[in-house]
Amino acid sequence: MASQDLPLPPWRKSRKPAQLRRQLSQDLIVEAGLRILDAEGLDALSMRRVAQEFDTGPASLYAHVANKDELLELMYDRVLGEIELPERDPSRWKAQLRAYAVEMHQVLARHADLARVALANIPTGENSVRMGEFVFGLLLEAGMSPRGASLSMDRISLYIVGDAYEGSVHFARMRAAGLSDPREYFESFVGQIAGYYRALPAARFPHITKFVDDLIADDGEVRFHYGLDLLLDGIEARMPPTP
């Protein structure tokens with residue numbers, strides 16, 4: 001029997017052919033983080049969980065990403081890169097700002113609860129700054145003061161992010177309940193709220209019990225657009241008169 005045909009002694013481990021690992025990079029790590037986020041939610045994301053995607057340990061990631069906080073900022077900035085911005089037209093500032101807000105809200109809604117990353121933080125990535133320059137510049141060129149434009153940009157950004165995050169909380173609850181149909185979840189959720197309101201003592205809460213149907217009439221998209229128009233109308237009221 002040739003030596004290469006001999007079986008290995010039981011105390012020796014067989015050697016499998018070496019598998020080439022995919023070389024890590026910051027872009028690949030961010031992409032893996034987004035995949036985990038979209039599939040499992042933000043609470044499931046950790047450096048260890050991302051490292052598992054590459055069959056390695058968390059220490060391998062730190063040459064490219066300092067920590068989880070930096071990874072989240074990079075992921076958020078990557079997502080903002082999906083937003084397309086037009087050339088600023090101050091004569092159409094309101095329409096452009098509305099379109100920007102709607103698109104940003106839709107982009108954040110596609111990525112689970114990533115909106116939470118922007119809450120209580122000031123994102124400083126390239127795309128984040130690009131968004132800020134667009135909104136701030138649009139309001140300035142439309143005639144608003146720098147202070148007013150700054151406050152307006154801050155409030156409208158918080159509204160978009162906050163509304164997107166609220167929606168993601170509901171989708172997390174939907175996943176936890178084992179539901180896959182958003183309509184089924186929201187019908188159940190709203191139905192429970194309506195039942196509670198109808199059971200309130202009418203003598204103490206006459207307006208709520210009388211107008212339950214109006215209180216639950218509109219879905220999240222309608223409510224978002226209504227609130228957005230309130231903000232835009234408020235900004236418009238603070239614009240200087242057009243010469």
Between the CD1 atom in Ile160 and the CD atom in Glu103, the distance rounded to the nearest 0.5 Å is 11.0 Å
### Task
Answer yes or no: does atom CZ of Arg110 have more than 12 heavy-atom neighbours from other residues, nucleotides or ligands under 6.0 Å?
yes
Check: If you group Ile, Leu, Val, Met, Phe, Trp and Tyr by side-chain heavy-atom gaps below 4.5 Å, do Ile36 and Tyr62 land in one group?
Finding: yes
Can you check whether Val107's main-chain N or O pairs, donor with acceptor, with Glu82's side chain at less than 3.5 Å?
no
Considering only heavy atoms from C-beta outward, does the side chain of Asn67 approach that of Val65 to under 4.5 Å? no
Between Ile216 and Ala194 the two heavy atoms that sit nearest each other are CD1-CB, 3.7 Å
Rounded to the nearest 0.5 angstrom, the CD-CD1 distance for Glu73 and Ile122 is 11.0 Å
Value for NE2 (His170) from CG (Asp113), rounded to nearest 0.5 Å, stands at 13.0 Å
Notebook entry, point to check: Okay, side chain of Gln96, backbone of Asp89: is any donor-acceptor separation there less than 3.5 Å?
Noted result: yes
All heavy atoms of Leu28 vs all of Phe54, minimum pair found to be O-CZ, 3.5 Å
Check: Is there a side chain to side chain contact (heavy atoms under 4.5 Å, CB included) between Phe186 and Met174 once you walk through the steps?
Finding: CA-CA 9 Å; Phe186 281 104; Met174 182 183 74; 5.8 Å; no
task = Step through it carefully: locate the ring centre of Phe171, locate the ring centre of Tyr185, and say whether they are under 6.0 Å apart.
result = no
Side chain to side chain contact (heavy atoms under 4.5 Å, CB included) for Leu72 and Tyr76? Distances and angles first, verdict last. CA-CA 6 Å; Leu72 290 174; Tyr76 183 76; over 6 Å; no
Here the pair of heavy atoms bringing Leu37 nearest to Met75 is CB-CE, 4.0 Å
Margin query: In this structure, would Leu200 and Val212 fall into the same cluster of hydrophobic residues linked by side-chain contacts under 4.5 Å?
Written below: yes
- Report yes if some heavy atom in the side chain of Lys94 is under 4.5 Å from a heavy atom in the side chain of Asp233; otherwise report no. yes
Q.
Please determine whether residues Leu151 and Trp93 belong to a single hydrophobic cluster, defined as Ile, Leu, Val, Met, Phe, Trp and Tyr linked transitively by side-chain heavy-atom distances below 4.5 Å.
A. no
Could you tabulate the donor-acceptor pairs under 3.5 Å formed by side-chain atoms of residues 135-144, not counting sequence neighbours?
from: Glu141; atom 1: OE1; to: Arg88; atom 2: NE; distance (Å): 3.4
from: Glu141; atom 1: OE2; to: Arg88; atom 2: NE; distance (Å): 3.2
from: Glu141; atom 1: OE2; to: Arg88; atom 2: NH2; distance (Å): 3.1

_Can a donor-acceptor pair be found, under 3.5 Å and without considering hydrogens, that links the side chain of Glu133 to the backbone of Val129?_
no
N/O donor-acceptor pair under 3.5 Å between Arg238 side chain and Gly234 backbone: yes
- Message: I'd like to know whether Tyr197 forms a ring pair (Phe, Tyr, Trp, His ring centres under 6.0 Å) with Phe205, so could you lay out the CA-CA distance, the side-chain angles of the two residues, the decisive distance to 0.1 Å, and finally the verdict.
- Response: CA-CA 9 Å; Tyr197 284 166; Phe205 306 101; 9.4 Å; no
Looking only at heavy atoms, the pair that brings Leu97 and Leu232 closest together is CD2-CD2, 3.7 Å
Does the Lys68 side chain pair with the main chain of Leu45, one donor and one acceptor, at a distance under 3.5 Å? yes
Which of Val161, Asp38, Val79 passes side-chain contact (heavy atoms from CB on, under 4.5 Å) with Leu114? Answer is Val79
Go through it in stages, so that I can follow the logic: the residues are Arg116 and Asp43, the test is salt bridge (Lys or Arg N to Asp or Glu O under 4.0 Å), and I'd like the CA-CA distance, side-chain angles, deciding distance and then a yes or no.
CA-CA 11 Å; Arg116 193 198 312 177; Asp43 290 335; 3.2 Å; yes
**Item:** NZ/NE/NH1/NH2 to OD/OE distance under 4.0 Å, Arg130 and Asp77
**Value:** no
| salt bridge (Lys or Arg N to Asp or Glu O under 4.0 Å) assessment of Arg198 paired with Asp213 | CA-CA 10 Å; Arg198 296 186 202 283; Asp213 290 338; 2.8 Å; yes
- Query: Does any N or O in the side chain of Thr209 come within less than 3.5 Å of the main-chain N or O of Pro206, such that one atom is a donor and the other an acceptor?
  - Reply: yes
_Pairwise side-chain contact, Phe224 with Asp229, heavy-atom cut-off 4.5 Å (strictly under)_ = no
- Query: So, does Asn127 use its side chain to make a donor-acceptor pair with the main chain of Arg78 at under 3.5 Å?
  - Reply: no
Taking Asp218 for the side chain and Arg223 for the main chain, is one N or O donor matched with an acceptor at less than 3.5 Å?
no
To the nearest 0.5 Å, atom OG1 of Thr56 lies from atom CZ of Arg48 at 11.0 Å
Task: Ser150 side chain to Pro146 backbone, donor-acceptor under 3.5 Å - done: no
The reported gap from CG in Leu74 to CD in Gln26 (rounded to nearest 0.5 angstrom) is 4.5 Å
Find out whether Phe134 and Pro86 are in side-chain contact, i.e. whether some heavy atom of one side chain is under 4.5 Å from a heavy atom of the other. yes
If you draw a 6.0 Å radius around CD in Glu70, do more than 12 non-hydrogen atoms from other residues or ligands fall strictly inside? yes
| Backbone of Ala101 reached by a side-chain donor or acceptor of Tyr159 within 3.5 Å | no
request  = Could you walk me through whether Ile156 and Leu158 pass the side chain to side chain contact (heavy atoms under 4.5 Å, CB included) test, one step at a time?
outcome  = CA-CA 5 Å; Ile156 199 166; Leu158 182 61; over 6 Å; no
task: Check the pair Leu228 / His105 against side chain to side chain contact (heavy atoms under 4.5 Å, CB included), numbers first and verdict last.
output: CA-CA 11 Å; Leu228 179 60; His105 188 264; over 6 Å; no
Of all heavy-atom pairs linking Leu80 and Met131, the shortest is O-CE, 4.0 Å
Would you check if Tyr165 and Leu119 make a side-chain contact, meaning some heavy-atom pair closer than 4.5 Å?
yes
Closest non-hydrogen atoms of Gly33 and Val50, given as atom of the first, atom of the second and distance, are CA-CG2, 4.3 Å
Does Glu236 CD have over 12 foreign heavy atoms under 6.0 Å away?
yes
d(Ser168 OG, Asp163 CG) to nearest 0.5 Å is 10.0 Å
